[in-house]
Amino acid sequence: MTPEKHPAFVLIILTLFAVVGPVSIDIFTPSLPAITAFFGTTSAIAQWSVGLFMLGFSLSMLIVGPLADRLGRKKNLVMGYSLYLAATAVTLLTDSIYLFIAARFAQAVFGCFGTAVARMMARDYYRDQMEVKMLAYIGGCLTIAPMAAPIAGGYLQEYAGWEYSFYVMAAMAVIAMLALTLLPEKKQEKTSESAPASSVVAGYKAVLTDSRYLRFTIAAGAAFAGAFVFVAGGSFVLIGQLGISPATYGYLFAVAIASYLLSASMGPKLTANMSRSQSTMVAGSLLIIGAMVSLGSGLLTDGVSITGYVAGIAIYELGLGLFMPLCQARATEHMKENMGTAAGLIFFIEMLLATLISALIGFLPEAGTLSLSAITLVAVAISGFCLMNNRDVSEATPQVA
């Protein structure tokens, strides 16, 4: 197939590559209580299948670029999807929750290769306006997938069983590998020699000892962890403790994701006339309000108010959609070197913090939405503490993006 002559078909294939990983994150979350019961384990252990998946996703983003440049785009994806399918088979065949969790981690590392490589291939095939258009369409589909996946997963759990979410994952990977045979491999130009290991280590050291970078990165990671608590533990509480159906949970999950996407897309326009400091304060206020609404509704109803909790999470996600990109931008706005290292580490650190903070769910008593809300409030407090007294950060200029 010639990409120049068949852009619409190429777009469909690249979008499939991009969404395999994100769909694998969310489609199985309505099944977490059923998976916990199947393996005879606790929710504290089972939720690691979500946290470690996100950690594997972030690790994937660190390694996929160099691998794709070295092996080529197609070989990289064939290897990734082959190992992803092997890991998916393990999740379906094992009777050990620990092996299941390890397989989920492998799914993340290898299945998420396509999320980055799809964008690389779009840049390989197209230039100028067509490149921009293809990347925009892929990005748009990546916003839809997290909303659609939990709804589909909820119905699969309700009418078929948790295994069927993994059958869907496997089917997507098989179709992606078959579709890959239709696309050509573009030769990569040799640009420069690889940097010596010493300079790479020095770059990581410079970034990880930059106090301003760390403050904003940890603030973003803690805030993300406050929302990730719902991803990792929401199904255990809303389905397992409060008795809603998996399908209903899927819709509630989609509401939270939609709130984030709405503010992330509208944020630059809404805060265009504010400084970054003012915009961060507005976003942080929404985080606090959302956390307090969730906690307040839980306190008033002894943790059984689903509507109040989800309303608070929706408000929180509105703030998060503004807060995350602001913190990410402010973490690196003063840097003149090591920008690539810093950008890659931001996502990894955010996912690591989300995994660790959400793990607190397993140590709290079963108190309905109160347990989830309490951890979210702790996460907001950590985030706010990181941003206190940031006088060394430029405050005056309005945002341009």
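Model, not experiment: these values are computed from the prediction.
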Quick check: do [X] and [Y] have side-chain heavy atoms less than 4.5 Å from each other?
X: Thr376; Y: Leu295; result: no
X: Met147; Y: Tyr260; result: no
X: Leu377; Y: Met292; result: yes
X: Met54; Y: Val231; result: no
X: Leu32; Y: Gln47; result: no
X: Thr280; Y: Phe323; result: yes
X: Met169; Y: Val23; result: no
X: Met281; Y: Met274; result: no

Going from [atom1] on [X] to [atom2] on [Y], what distance comes out if it is rounded to the nearest 0.5 angstrom?
X: Asp26; Y: Phe53; atom1: CG; atom2: CZ; value: 9.0 Å
X: Phe236; Y: Gln241; atom1: CZ; atom2: CD; value: 10.0 Å
X: Asp210; Y: Arg215; atom1: CG; atom2: CZ; value: 8.5 Å
X: Ile35; Y: Ser165; atom1: CD1; atom2: OG; value: 7.5 Å
X: Ile239; Y: Thr248; atom1: CD1; atom2: OG1; value: 9.0 Å
X: Thr88; Y: Leu83; atom1: OG1; atom2: CG; value: 10.5 Å

If every non-hydrogen atom of [X] is compared with every non-hydrogen atom of [Y], which pair is closest and at what distance?
X: Gly153; Y: Pro30; answer: C-CG, 3.9 Å
X: Ala103; Y: Val90; answer: CB-CG1, 3.7 Å
X: Thr369; Y: Val237; answer: N-CG1, 3.7 Å
X: Leu156; Y: Val168; answer: CD1-CG2, 3.9 Å
X: Ser58; Y: Met351; answer: CB-CG, 3.4 Å
X: Ser60; Y: Ala108; answer: CB-O, 3.9 Å

Going through the checks in order, is the side chain to side chain contact (heavy atoms under 4.5 Å, CB included) test met by Val64 and Thr115?
CA-CA 10 Å; Val64 65; Thr115 305; over 6 Å; no
For Glu317 and Ser263, what are the C-alpha separation, side-chain angles and deciding distance, and is it a side chain to side chain donor-acceptor pair (under 3.5 Å)?
CA-CA 8 Å; Glu317 294 278 6; Ser263 66; over 6 Å; no
Mark yes or no for whether [X], through its side chain, and [Y], through its backbone, hold a donor-acceptor pair below 3.5 Å.
X: Tyr81; Y: Phe17; value: yes
X: Tyr316; Y: Ala223; value: yes
X: Thr29; Y: Ile25; value: no

Mind running side chain to side chain contact (heavy atoms under 4.5 Å, CB included) on Phe28 and Gln107 for me, showing each step along the way?
CA-CA 13 Å; Phe28 98 120; Gln107 271 192 315; over 6 Å; no
The single option from Tyr159, Phe166, Tyr164 passing ring-ring contact (aromatic ring centres under 6.0 Å, His included) against Trp162
Phe166
Once the angle between the rings of [X] and [Y] is folded into 0 to 90°, is it parallel (under 30°), tilted (30 to 60°) or perpendicular (over 60°)?
X: Phe100; Y: Phe39; value: tilted
X: Phe230; Y: Tyr249; value: tilted
X: Tyr155; Y: Tyr251; value: perpendicular
X: Phe224; Y: Phe228; value: parallel

